[in-house]
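Notes to accompany the following structure.
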2 protein chains.
Amino acid sequence: MRTELRKSGVEESLQPVHLQALMYLARANRYSNTPQALAEYLGLTKGTVSQTLLLLDRRGLVERFEDDIDRRVVRLRLSTVGEQFLSDSQPTLSWANATRNISPNRIRNAVSALREALTQLQLDNEGSTFGACNSCRQCQRLSQRVSRCGLMGDRISGPETRKICWFFEPKTEEVA
Amino acid sequence: MRTELRKSGVEESLQPVHLQALMYLARANRYSNTPQALAEYLGLTKGTVSQTLLLLDRRGLVERFEDDIDRRVVRLRLSTVGEQFLSDSQPTLSWANATRNISPNRIRNAVSALREALTQLQLDNEGSTFGACNSCRQCQRLSQRVSRCGLMGDRISGPETRKICWFFEPKTEEVA
DNA sequence: CTTTTTCGTATCGACCCGATACTAATACCG
DNA sequence: CGGTATTAGTATCGGGTCGATACGAAAAAG
């Protein structure tokens, strides 16, 4: 998979880590679009990630702007060019194709097992557990279209509940 | 997982790719313990891998010696120190631990699906398909303890049939 | 016996990555 | 309040990865 990532980036002379950063930012929700969250996600130091973002900014793939209420934090988002690049290069396409002969049911089971292992791994290492609102303990369903985050107190739209959050807490079904 | 690899290597100041090389060499069979096979496995160029091996050799973790019949090829094997280091650092231990609450059956199913996807991915990209003799098309069972490789014509011991081979060919159950 | 191909190495430049030191903004606490 | 501590992010430096290119030596092809 890393080899595939490398191929996807070679055209724009981007390294695998750059692709991973772009892919993360495309899926990060409003609490998670910061250098710090990205560093946590990638397992790198904030200094390293700062350099990565500097490069992506120079290339015009991401935009950086400061937070309204805490002026220390930097908010990140993909630029139009960045989104276009991601949808053109499709870094995960070949992996998705490789699963074409596997039944949806087997895929669901494998994904479920892998997700469980990942959550456990993150808990063991006291790292952040990234995940989507719709499987987060804090998510409260308000209506068909709107949810609410019990941790932050904000209303979350339907599409945003499928984005990745830094404060994700797995639903406790026996975290032995 | 890359973060875990990084942690395992930090004590000896080894990079993730060094750990991956050592882990590969620990599992490579007699046909696959060469720089070329390792480069194919890691998805890197032979030049890059040559540098990696130079470093691992200097550190005394691997040994290089030339092949008897083809004096161009270099044979690789873990040194005693290298084996000791691998068994001490246990790079995959935390991942194995993370699956402790998942039933063996679910793990088997997930592994099976992943292996299928990996093979398909490798076929799509015309890359080598690494795998163990015991699930290779060329493997002929001679007795309870000895098999035979139909491609190379050599007799393969029981333990060696569980090692990774560069010439692996998946058993054809409909490679659509 | 050439010519070509193959396996591996050497060198160079661009870049990743962590460590350290630093600035600026916020939080804490008497 | 006011001073200290903490936090988000940046700047800089050095060691090391990685691919491209060039190269040497052995084997294969013709």
Side-chain angles (χ1 to χ4, degrees), chain A residues 2-22 25 28 31-59 61-76 128 166-167, chain B residues 2-22 25 31-59 61-76 128 166:
Chain A
R2 201 188 47 168
T3 303
E4 291 301 313
L5 256 196
R6 208 172 276 282
K7 273 194 239 169
S8 300
V10 73
E11 190 181 333
E12 285 270 351
S13 55
L14 291 174
Q15 302 286 330
V17 68
H18 299 147
L19 273 295
Q20 291 184 310
L22 295 178
L25 291 178
Y31 309 128
S32 313
N33 57 351
T34 67
Q36 189 178 13
L38 178 58
E40 189 74 28
Y41 182 81
L42 296 176
L44 302 175
T45 63
K46 57 183 182 172
T48 297
V49 168
S50 183
Q51 293 311 104
T52 298
L53 291 170
L54 194 63
L55 182 150
L56 293 175
D57 191 358
R58 278 199 307 258
R59 301 276 188 98
L61 296 168
V62 307
E63 294 166 355
R64 298 193 283 185
F65 46 97
E66 67 177 20
D67 190 89
D68 291 333
I69 52 180
D70 188 339
R71 290 172 51 212
R72 289 172 304 182
V73 335
V74 170
R75 295 289 165 183
L76 305 165
S128 299
W166 190 26
F167 304 129
Chain B
R2 200 190 45 170
T3 303
E4 291 302 312
L5 256 196
R6 208 172 277 284
K7 270 194 241 168
S8 300
V10 71
E11 190 180 332
E12 286 270 351
S13 55
L14 291 176
Q15 302 288 330
V17 68
H18 299 149
L19 274 296
Q20 291 183 312
L22 294 178
L25 291 178
Y31 309 128
S32 314
N33 57 351
T34 68
Q36 188 178 13
L38 178 58
E40 189 75 26
Y41 182 81
L42 296 175
L44 302 174
T45 63
K46 57 182 184 173
T48 297
V49 167
S50 182
Q51 292 312 103
T52 298
L53 290 170
L54 194 64
L55 184 149
L56 293 175
D57 191 358
R58 277 199 308 258
R59 300 278 187 94
L61 295 167
V62 306
E63 293 166 356
R64 297 193 282 184
F65 47 98
E66 66 177 21
D67 189 89
D68 291 331
I69 51 178
D70 187 339
R71 290 171 52 212
R72 290 172 304 180
V73 336
V74 171
R75 295 288 164 185
L76 306 164
S128 300
W166 190 26

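Just so we're on the same page: letters track the sequence lines, and every chain starts at 1. All values derive from a computational prediction rather than experimental measurement.
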- What pairs with A/Y41 under ring-ring contact (aromatic ring centres under 6.0 Å, His included), at least two apart in sequence or on another chain? A/Y24, A/F130
- Counting only non-hydrogen atoms, which of residues 45-53 of chain A are less than 4.0 Å from DNA chain C? A/T45, A/T48
Sequence neighbours left out, cut at 3.5 Å: what donor-acceptor pairs do the side chains of residues 5-14 of chain A make with other protein atoms?
residue, atom, partner, partner atom, Å
A/K7, NZ, A/E4, OE2, 3.4
A/K7, NZ, B/N125, OD1, 2.8
A/S8, OG, A/E4, O, 3.2

- Task: Measure across A/P35 and A/V49 and return the closest heavy-atom pair with its distance rounded to 0.1 Å.
- Result: O-CG1, 3.8 Å
- Rounded to the nearest 0.5 Å, what separation is found between the CG atom of A/L42 and the CG atom of A/L38? 4.5 Å
- Message: With the threshold set at under 4.0 Å for non-hydrogen atoms, list the residues of residues 11-18 of chain B touching DNA chain D in residue-number order.
- Response: B/Q15, B/V17, B/H18
- Query: Got a sec, which residues hit side-chain hydrogen bond (donor to acceptor under 3.5 Å, both in side chains) with A/E63, two or more places apart in sequence or on another chain?
  - Reply: A/R77
Please tabulate, one pair per line, all N/O donor-acceptor pairs under 3.5 Å involving side-chain atoms of residues 69-76 of chain B, not counting sequence neighbours.
residue, atom, partner, partner atom, Å
B/D70, OD1, B/R72, N, 3.0
B/D70, OD1, B/R72, NE, 3.2
B/D70, OD2, B/R72, NH2, 3.0
B/R75, NE, B/D67, OD1, 2.8
B/R75, NH1, B/R30, O, 3.0
B/R75, NH1, B/N33, OD1, 2.8
B/R75, NH2, B/D67, OD1, 3.1

- Message: Working to the nearest 0.5 angstrom, can you tell me the gap between A/L55 CG and A/H18 NE2?
- Response: 4.5 Å
- Message: Could you report the tightest heavy-atom contact between B/W166 and B/S32, atom names first, then the distance?
- Response: N-OG, 2.8 Å
- Using a heavy-atom cut-off of 4.0 Å to chain A, what are the terminal contacting nucleotides of DNA chain C, in 5' to 3' order? C/dC15 to C/dT26
- Query: Do any pairs count as a salt bridge (charged side-chain N to carboxylate O under 4.0 Å, His left out) and have a residue in residues 34-59 of chain B, sequence neighbours left out, and if so which ones?
  - Reply: B/D57-B/R64
- Nucleotide range of DNA chain D contacted by chain B, 5' to 3', under 4.0 Å to a heavy atom? D/dG16 to D/dA27
- Item | DNA chain D contacts made by residues 64-75 of chain A, counting heavy atoms under 4.0 Å | A/R64, A/R72, A/V73, A/V74
- Note on the structure: Applying side chain to side chain contact (heavy atoms under 4.5 Å, CB included) to B/T48 and not counting sequence neighbours gives B/L44, B/T45
